[in-house]
Trainee: 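Please see the structure below; I have some questions.
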Amino acid sequence: MSAERLSSEQVFKGKVFSIDRDTVRMPNGRETTVEVVRHSKSVVLVPVPEPGKVILIRQYRYAVNASLWELPAGSVDEGESPEHAAQRECHEEIGLVPSTIVRLTALYPTPGYCDEEMVFFRVSGLEKTDEQAHVDEDEDIEAQTFELREARDMVRRGEITDMKTLVGLTLI
């Protein structure tokens with residue numbers, strides 16, 4: 001059972017997402033108008049350099065005007081597989097390339113208004129490479145290795161407030 005789209009209008013198109021205003025007939029037969037944030041699929045990495053450890057990044061987030069401890073993450077480019085995006089993002093955000101990429105799960109973080117699907121991966125066998133990583137112009141990232149226990153304690157103390165990071169830490 002699904003809704004039927006009767007009409008659609010793109011009301012915003014940006015670099016990272018767009019917004020559609022759709023008129024739909026819901027599965028219950030009622031017609032309504034909904035706004036949907038359209039965002040490409042993304043990957044969330046749980047980098048495990050050795051058992052019991054995890055690499056987090058500290059990154060400034062303009063939307064909340066704060067530097068947050070997070071798991072590395074990024075969008076899947078058009079035509080790119082989530083596995084390839086995981087490898088690319090790992091290199092870009094922590095400067096290491098994984099030899100092992102294991103899909104953990106896929107989740108919708110905000111399905112009430114956004115179609116983004118986040119695919120979580122555990123990455124390990126992390127090695128340095130001579131290849132220069134591309135870094136986005138809006139990224140200022142610091143990577144640090146933590147004991148998994150300490151990262152989970154950081155959540156409890158309110159030092160990690162990023163939802164995808166909290167979820168990713170529960171998956172390993």
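Note that the structure is a prediction, hence the values are computed from the model and not measured.
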Trainee: What side-chain donor-acceptor pairs closer than 3.5 Å can you find for residues 71-85, not counting sequence neighbours?
Mentor:
| unit_1 | atom_1 | unit_2 | atom_2 | d |
| --- | --- | --- | --- | --- |
| Glu80 | OE1 | Asp77 | N | 2.8 |
| Glu80 | OE1 | Arg88 | NH2 | 2.9 |
| Glu80 | OE2 | His84 | ND1 | 2.7 |
| Glu80 | OE2 | Arg88 | NE | 2.9 |
| Ser81 | OG | His84 | N | 3.0 |

Trainee: Can you list the steps and then say if Thr161 with Leu68 is a side chain to side chain contact (heavy atoms under 4.5 Å, CB included)?
Mentor: CA-CA 7 Å; Thr161 56; Leu68 305 179; 3.6 Å; yes
Trainee: For Val36 and Ile19, run side chain to side chain contact (heavy atoms under 4.5 Å, CB included): C-alpha distance rounded to whole Å, both residues' side-chain angles, the deciding distance at 0.1 Å, then the answer.
Mentor: CA-CA 6 Å; Val36 179; Ile19 301 174; over 6 Å; no
Trainee: Considering residues at least two apart in sequence or located in another chain, which fulfil the side-chain hydrogen bond (donor to acceptor under 3.5 Å, both in side chains) criterion with Ser99?
Mentor: none
Trainee: Go through the structure and list residues passing salt bridge (Lys or Arg N to Asp or Glu O under 4.0 Å) with Arg61, not counting sequence neighbours.
Mentor: Glu70
Trainee: Is the closest side-chain heavy-atom distance between Ile172 and Val48 below 4.5 Å?
Mentor: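 Ile172 reaches Val48 side chain to side chain.
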Trainee: Glu31 and Val24: side chain to side chain contact (heavy atoms under 4.5 Å, CB included), yes or no, with the steps?
Mentor: CA-CA 6 Å; Glu31 286 187 21; Val24 298; over 6 Å; no
Trainee: Hey, what do you get for CD1 (Ile55) to CD (Gln144), rounding to the nearest 0.5 Å?
Mentor: 10.5 Å
Trainee: Count I, L, V, M, F, W, Y as connected when their side-chain heavy atoms are under 4.5 Å apart, and connections chain through other members. Are Leu148 and Val44 then in the same cluster?
Mentor: yes
Trainee: Quick check for you: to the nearest 0.5 Å, what is the distance between Glu4 atom CD and Arg25 atom CZ?
Mentor: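 Interatomic distance, Glu4 CD to Arg25 CZ, rounded to 0.5 Å: 5.0 Å.
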Trainee: Can you see which heavy atom on Thr165 is nearest to which on Asp162, and at what distance?
Mentor: OG1-OD2, 2.6 Å
Trainee: How long is the straight-line distance from NZ of Lys128 back to NE2 of His91, given to the nearest 0.5 Å?
Mentor: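 It is 10.0 Å, given to the nearest 0.5 Å.
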Trainee: How many angstroms lie between atom CE of Met163 and atom CG of Leu107, to the nearest 0.5 angstrom?
Mentor: 11.5 Å
Trainee: So, for Glu159 and Trp69, which heavy atoms are closest and what is the spacing to 0.1 Å?
Mentor: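 Shortest heavy-atom separation between Glu159 and Trp69 comes out as O-CD1, 4.2 Å.
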Trainee: Quick one: NZ on Lys164 to CG on Leu166, what's the gap to the nearest 0.5 Å?
Mentor: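 One finds 11.5 Å between NZ of Lys164 and CG of Leu166.
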Trainee: Run the numbers on Leu45 and Glu89 for side chain to side chain contact (heavy atoms under 4.5 Å, CB included), then give the verdict.
Mentor: CA-CA 8 Å; Leu45 313 178; Glu89 287 292 339; 4.1 Å; yes
Trainee: Is it the case that over 12 heavy atoms from other parts of the model lie below 6.0 angstrom from the CZ atom of Arg157?
Mentor: yes
Trainee: In the single-linkage hydrophobic clustering (I, L, V, M, F, W, Y; side-chain heavy atoms under 4.5 Å), do Val37 and Val16 co-cluster?
Mentor: yes
Trainee: Check Val46 against Gly168 and note the closest heavy-atom contact, atom names and distance.
Mentor: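 Result for this residue pair: CG2-O, 3.8 Å.
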Trainee: How close do Asp22 and Glu9 get, heavy atom to heavy atom, and via which atoms?
Mentor: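 Taking Asp22 first and Glu9 second, the nearest heavy atoms are OD1-N, 4.2 Å.
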Trainee: Please check this pair: side chain of Arg21 against backbone of Gln10, looking for a donor-acceptor N/O pair closer than 3.5 Å.
Mentor: no
Trainee: Measure across Ala151 and Leu56 and return the closest heavy-atom pair with its distance rounded to 0.1 Å.
Mentor: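 In this case the closest contact between Ala151 and Leu56 is CB-CD1, 4.2 Å.
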Trainee: Between Thr32 and Met26, is there a side-chain heavy-atom distance shorter than 4.5 Å?
Mentor: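 Side-chain contact under 4.5 Å: yes.
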Trainee: Using the test side chain to side chain contact (heavy atoms under 4.5 Å, CB included), find all partners of Asp115 that sit at least two apart in sequence or belong to another chain.
Mentor: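 Testing Asp115 for side chain to side chain contact (heavy atoms under 4.5 Å, CB included), a comparison that skips the adjacent residues, returns Arg38, His39.
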Trainee: Taking the side chain as every heavy atom from C-beta outward, state whether Arg58 and Ile141 have any atom pair closer than 4.5 Å.
Mentor: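 Heavy-atom side-chain distance check fails, nothing below 4.5 Å.
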Trainee: Given side chains that start at C-beta, do those of Val54 and Leu169 come closer than 4.5 Å, heavy atoms only?
Mentor: yes
Trainee: Whether the side chain of Asn28 engages the backbone of Arg30 through a donor-acceptor N/O pair (distance < 3.5 Å, no angle test) should be reported.
Mentor: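 The answer is yes, because a donor-acceptor pair under 3.5 Å joins these two groups.
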Trainee: Would you give me the side-chain donor-acceptor pairs under 3.5 Å for residues 116-126, sequence neighbours excluded?
Mentor:
| unit_1 | atom_1 | unit_2 | atom_2 | d |
| --- | --- | --- | --- | --- |
| Glu116 | OE2 | Ser42 | OG | 2.7 |
| Glu117 | OE1 | Lys41 | NZ | 3.2 |

Trainee: Report yes or no: do Leu104 and Ile101 belong to one cluster of Ile/Leu/Val/Met/Phe/Trp/Tyr joined by side chain heavy-atom distances under 4.5 Å?
Mentor: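 No: no chain of side-chain contacts under 4.5 Å links Leu104 to Ile101.
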Trainee: Which residues satisfy the ring-ring contact (aromatic ring centres under 6.0 Å, His included) test with Phe12, sequence neighbours excluded?
Mentor: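 For Phe12 the ring-ring contact (aromatic ring centres under 6.0 Å, His included) partners, ignoring immediate neighbours, are Phe17.
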